[in-house]
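The next block holds one structure in the form of structure tokens; read it before the comments.
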Amino acid sequence: MEIDVRGPRFGASLTTVVLAVVLITGSGWLLAVQAAVFAVGAVAGVQNSPYGWVFRTLVRPRLGPPPGTEDAAPPRFAQAVGFGFSVIGVIGYLVGPQWLGLAATACALAAAFLNAAFAYCLGCEVYLLLKRAAARWVPPQVVRRISPWHRSPG
């Protein structure tokens, strides 16, 4: 599935703001909400996440046609990575140690900011590196069976 290239960047902008507020306030509960947003994006796709819905219904109609589209799999993988970091952060904030919450949130914030400010999706790049490595070392039929982000040709 192809998505508007501006959508993930919009989502990353909102994520940047939320994660900055989490760092400032130390709110593990707000980070848990962001983790839920990441989870929806990873499971249902970025276009179906809450931020994707806001972009699709409120922002995109005012922008006109997209300048381009991209495969949804790399941003979806990036959402899964963000979910992992945010879950670790929630554990750090709510259970301890506090530095774990700060560190995990800071890492997720750095990645979101790179995408929001410079259109550089760190999680997408990791996805592509892993896909290239899998193509070298793992037979394609195995990759198709184990990868929830794999798209069948055609």
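For reference, positions follow the sequence shown, starting with 1. As the structure is a prediction and not an experimental result, all values here were calculated from the model.
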Determine whether L94 and W29 satisfy the following criterion, side-chain contact (heavy atoms from CB on, under 4.5 Å), listing intermediate values before the conclusion.
CA-CA 8 Å; L94 300 181; W29 296 109; 3.9 Å; yes

Worked check of side-chain contact (heavy atoms from CB on, under 4.5 Å) between F55 and V46
CA-CA 10 Å; F55 176 77; V46 292; over 6 Å; no

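V33 and W53 sit in two unconnected hydrophobic clusters of ILVMFWY residues. Membership requires side-chain heavy atoms under 4.5 Å apart, directly or through other members. When the side chains of ILVMFWY residues are joined at heavy-atom separations under 4.5 Å, either directly or via intervening members, L31 and V37 end up in a single hydrophobic cluster. A chain of hydrophobic side-chain contacts below 4.5 Å, direct or via other Ile, Leu, Val, Met, Phe, Trp or Tyr residues, connects V95 to V87. Two different hydrophobic clusters hold V59 and V40 under the rule that ILVMFWY side chains link at heavy-atom gaps under 4.5 Å. In the hydrophobic clustering of ILVMFWY residues, with side-chain heavy atoms under 4.5 Å counting as a link, L109 and L102 come out together.
Surrounding CZ of F85 are at most 12 heavy atoms belonging to other residues, nucleotides or ligands under 6.0 Å away.
Using modelled atom types, no side-chain atom of R136 and backbone atom of K131 make a donor-acceptor pair closer than 3.5 Å.
For R60, the side-chain hydrogen bond (donor to acceptor under 3.5 Å, both in side chains) partners at least two apart in sequence or on another chain are D4. Residues passing the disulfide bond (SG atoms under 2.5 Å apart) test with C107: none are found, sequence neighbours excluded.
Between F77 and Y127, the ring planes are tilted. Angles from 30° to 60° get that label.
Residues E70 and P8 share a closest heavy-atom pair of OE2-CG, 3.4 Å.
Counting only residues at least two apart or in different chains, disulfide (SG to SG under 2.5 Å) contacts with residues 34-106 are absent.
Checking T105, L14, L30 one by one against L19, the side chain to side chain contact (heavy atoms under 4.5 Å, CB included) holds for a single residue, T105. Checked options V54, L63, N115; the residue passing with F10 is V54 (criterion: side chain to side chain contact (heavy atoms under 4.5 Å, CB included)).
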